Trainee: 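Have a look at the structure that comes next, please.
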Amino acid sequence: MNYGHPLKFGTFITPLSNVPETVIALARRSEELGYDLVTFQDHPYQPAFLDTWTLLSWIAGQTERVHLAANVLNVPLRSPAVVARSAASLDLLSAGRLDLALGAGAFWDAIEAMGGRRLTPGNAVAALGEAIDIIRGVWDGGISNLLSFDGDSYRLKGAQRGPIPAHDIPIWVGAYKPQMLRLIGQKADGWLPSIGSMKPGELQFANKIIDEAALEAGRDPREIRRLVNISGQFSTFRGGFLNGPSKQWVDDLLPLVVNDGIGTFILMSDDPRIMEQFALEVAPALREAVNRELPEAFSVSRIRPAAVRAKRREGINYDSIPASLADAVIEPGDVGYARVKSTYMRGGSPGIIFQVKNTAEVSESLAFARSHADLPLAVRSGGHGISGRSTNHGGIVIDLSRLNRIEVLDKSTRRVRIEPGARWMDVAAALAPYGWALSSGDYGGVGVGGLATAGGIGWLARKHGLTIDHLRAVEMVLADGSVVRASDEENADLFWAVRGAGANFGIVTSFEFEVDEVGSVGWAQLVLDASNTAGFLEKWGATIEAAPRDLTSFIILGPPRRGQPAVAMVMALVDSDQPDTIINRLQPIADIAPMYDQRVVITFYADIMANAQGGDHNGQGEPVARSGLIEHITPEFAAAAARLIHSGAVHFFQIRSVGGAVSDVDPDATAYGNRSANFSVTAFGSSRDRVNALWDEIAVHFKGLYLSFETDVRPERLNDAFPPRTIERLRELKSRYDPNNVFRDNFNIAPQAVIS
Ligand SMILES: Cc1cc2nc3c(=O)[nH]c(=O)nc-3n(C[C@H](O)[C@H](O)[C@H](O)COP(=O)(O)OP(=O)(O)OC[C@H]3O[C@@H](n4cnc5c(N)ncnc54)[C@H](O)[C@@H]3O)c2cc1C
């Protein structure tokens, strides 16, 4: 029987407490030698051994790639809920490298002496089964209720779930008795015995029990990886099992793979020479021999547990996912689903998420999306899209967050290459050591992909323009899956469209920017009285328009708090490190109205952008935001805006200065329209109808909108976002580059064929 698991190799190192440095060195050597896994026995009652969790944590910090596991973890000495949390924490800290191998415990007297559970053969199986359920329950952060469990061995009353591990931690069980094997068939992801403890024929016998139990439980036996601890000696002459030259080891192990479906061999040895010979001679030769014997065995996609398959969504052919994408897939039943289903702004429940690692995987996942043409397709980079269209309900998400490299291509021309999943705070931090900055947005958590395909209005806008004004080339995957480069020289019309309407034309997999020299800057946060809201807005607008373009300022207002005056938060960046210049630019703003608070510093752009936390997105519901671009803050607009702010329908009202360098660019040079605006206005509320009704009243003042701040996806918004000439050209290009309207789920510019 072959279970289709690609072959893996691990080491099993004795965690001797008298030579901790040797233990660490052997673990690091295992990684260097290419082993997939390092494991340690766990006997917490034994002072000769280092504590296993502490050791695993230490080794995780000393290695980069290799997976880690106890071999096997003594469950009766530990609370399963605490094991779950320790495992998830170490998995997160080690970027998904913890695997969990459990055992019912050996040396029961010792377990009892240490205060562990009193077990008998009769209750050990049930206790381990309950422990597995609890561990999985704690990891299931997708379920919002608290975890209660009323078992014979364990009880939990309203335990909080989480943290969610970084990857689907497999649970393997080390056991031999038929009842335990049945439990493995029913619940575990792997079986981990030691070959030396088994009699001839026992492996086949045990596999049969596991397979039958799995089938009875509605599982596919291939869900269960077969691992085995092995030991032996290398010698010149052939001897007994695993006692001879490397060739003999290969001959001895091959039948275990071919006939018994073993997928992982774990070498029990503390001798670095044996570890080396096994890694350098046996492992590659065994892989080759297996590939010869079983050429087809590993081409199948990942086997998904029955529990995961049970949560699959209608209309998605999960079985057609190519094997090459198997590791990129996150399904609704997967442990990691809760952390990727929603975005910063919007709750989602997609049917499948492809967390891709390279351009080829983008093309492949797009092919999968094309074969499900009736499903929504979302493209996600940083997940901060205000319209929330980078998630969906029941559809497909292509998540580029792992495509996040930032590299300098040419120092002399300040050319940098940035992948879409990078966040703007990381970009700013990477450019700072060169004395460079790239005009981006105001929030460091926003992703490059969404912002750099739409515009990019940020703290450097008036002096340095929009983000897209610094774009020199992109690599992108088009609707048909082809990969193209677009710049002023190649696919120039596509390059024009990408700068403002990129989401409609493909998936950008890398951006090349020419960045600016930006040294220290002046940065101010002021709180001013805005009781006379309209008067404040008007004066602020006039002050900004009169200021040199090294000043860029944003203001935020909301309804006044009970018993407090209306205030405006004013943020301002002065692109100068000269205190006199900074004060000169800020003083007119400070003079607009009485000031309640102020903070002015000379700092780096990267420090200003370091204003976001990492972490998962937990957006809920549907976002409601509206956007408008305006040339001047006229008395009429200021009065209308003041009414909106005081209506109670919006909780966040923002005006950003644009103009300056943004307006220098020919309006036909990029698809981003309406370059004559001096201000971008945004309002967030919770009732879509109320906000829309009030917004319609002030819309007469606007000359367009910025799509990145809009949530109204009705088609007429496109006419606000793009001037007539631009939209006409965009439709023409859409017909050419995406005739079947694959990219339609975010402010769709329908191709001519679709609208006519
Ligand atoms: C807190 C916050 C602050 C913000 N501040 C600013 C700001 O200062 N200035 C500003 O201009 N905007 C700002 N925005 C808006 C922001 O620019 C957009 O929401 C942008 O789309 C976010 O990019 P993302 O990659 O994080 O978003 P995602 O949600 O990942 O993507 C948003 C949309 O962009 C498209 N897209 C994403 N990646 C790609 C790609 N690689 N190729 C093609 N299309 C793609 C998709 O249609 C997707 O639905 C802010 C948003 C938030 C939530």
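In this text the structure is predicted, and so the values were computed from the model without any measurement. As the structure lists them, so they are numbered: ligands from 1, and atoms in each ligand from 1.
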Trainee: Is the contact between Arg656 and ligand 1 made by the side chain, the backbone, both, or neither, using heavy atoms and a 4.0 Å cut-off?
Mentor: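 The side chain, only.
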
Trainee: Verify whether the ring centers belonging to Tyr672 and Phe722 lie closer than 6.0 Å.
Mentor: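 Distance test on ring centres: not under 6.0 Å, no.
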
Trainee: Looking at ligand 1, would Ser708 count as a contact under a 4.0 Å heavy-atom criterion?
Mentor: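 Yes, Ser708 has heavy atoms under 4.0 Å from ligand 1.
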
Trainee: Can you run down the salt bridge (Lys or Arg N to Asp or Glu O under 4.0 Å) pairs that involve residues 654-663, sequence neighbours left out, and say none if there aren't any?
Mentor: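 Non-adjacent pairs meeting salt bridge (Lys or Arg N to Asp or Glu O under 4.0 Å): Asp442-Arg656.
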
Trainee: May I ask you to identify, for Tyr344, whether its side chain, its backbone, both or neither come under 4.0 Å of ligand 1 on a heavy-atom basis?
Mentor: side chain

Trainee: Do Tyr443 and Trp459 have their ring centres less than 6.0 Å from each other?
Mentor: no

Trainee: Determine whether Phe354 and Phe368 satisfy the following criterion, ring-ring contact (aromatic ring centres under 6.0 Å, His included), listing intermediate values before the conclusion.
Mentor: CA-CA 10 Å; Phe354 292 101; Phe368 184 86; 5.3 Å; yes

Trainee: Any heavy atom of Thr343 sitting closer than 4.0 Å to ligand 1?
Mentor: no

Trainee: Using a 4.0 Å heavy-atom cut-off, say whether Pro420 meets ligand 1 through its side chain, its backbone, both or neither.
Mentor: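 It is the side chain that touches ligand 1; the backbone stays farther off.
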
Trainee: Other residues, nucleotides and ligands only: do more than 12 of their heavy atoms fall within 6.0 Å of CZ on Phe554?
Mentor: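 Count over threshold, so yes.
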
Trainee: Which bit of Asn746 gets closer than 4.0 Å to ligand 1, counting heavy atoms only: side chain, backbone, both or neither?
Mentor: side chain

Trainee: Please work out whether the ring planes of Phe513 and Phe511 are parallel, tilted or perpendicular, with thresholds of 30° and 60°.
Mentor: parallel

Trainee: What part of Leu400, side chain from CB on, backbone N/CA/C/O, both or neither, has a heavy atom under 4.0 Å from ligand 1?
Mentor: side chain

Trainee: Return the closest protein heavy atom for atom 10 (C) of ligand 1 as residue, atom name and distance.
Mentor: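 Answer, as residue, atom name and distance: Leu451 CD1, 3.4 Å.
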
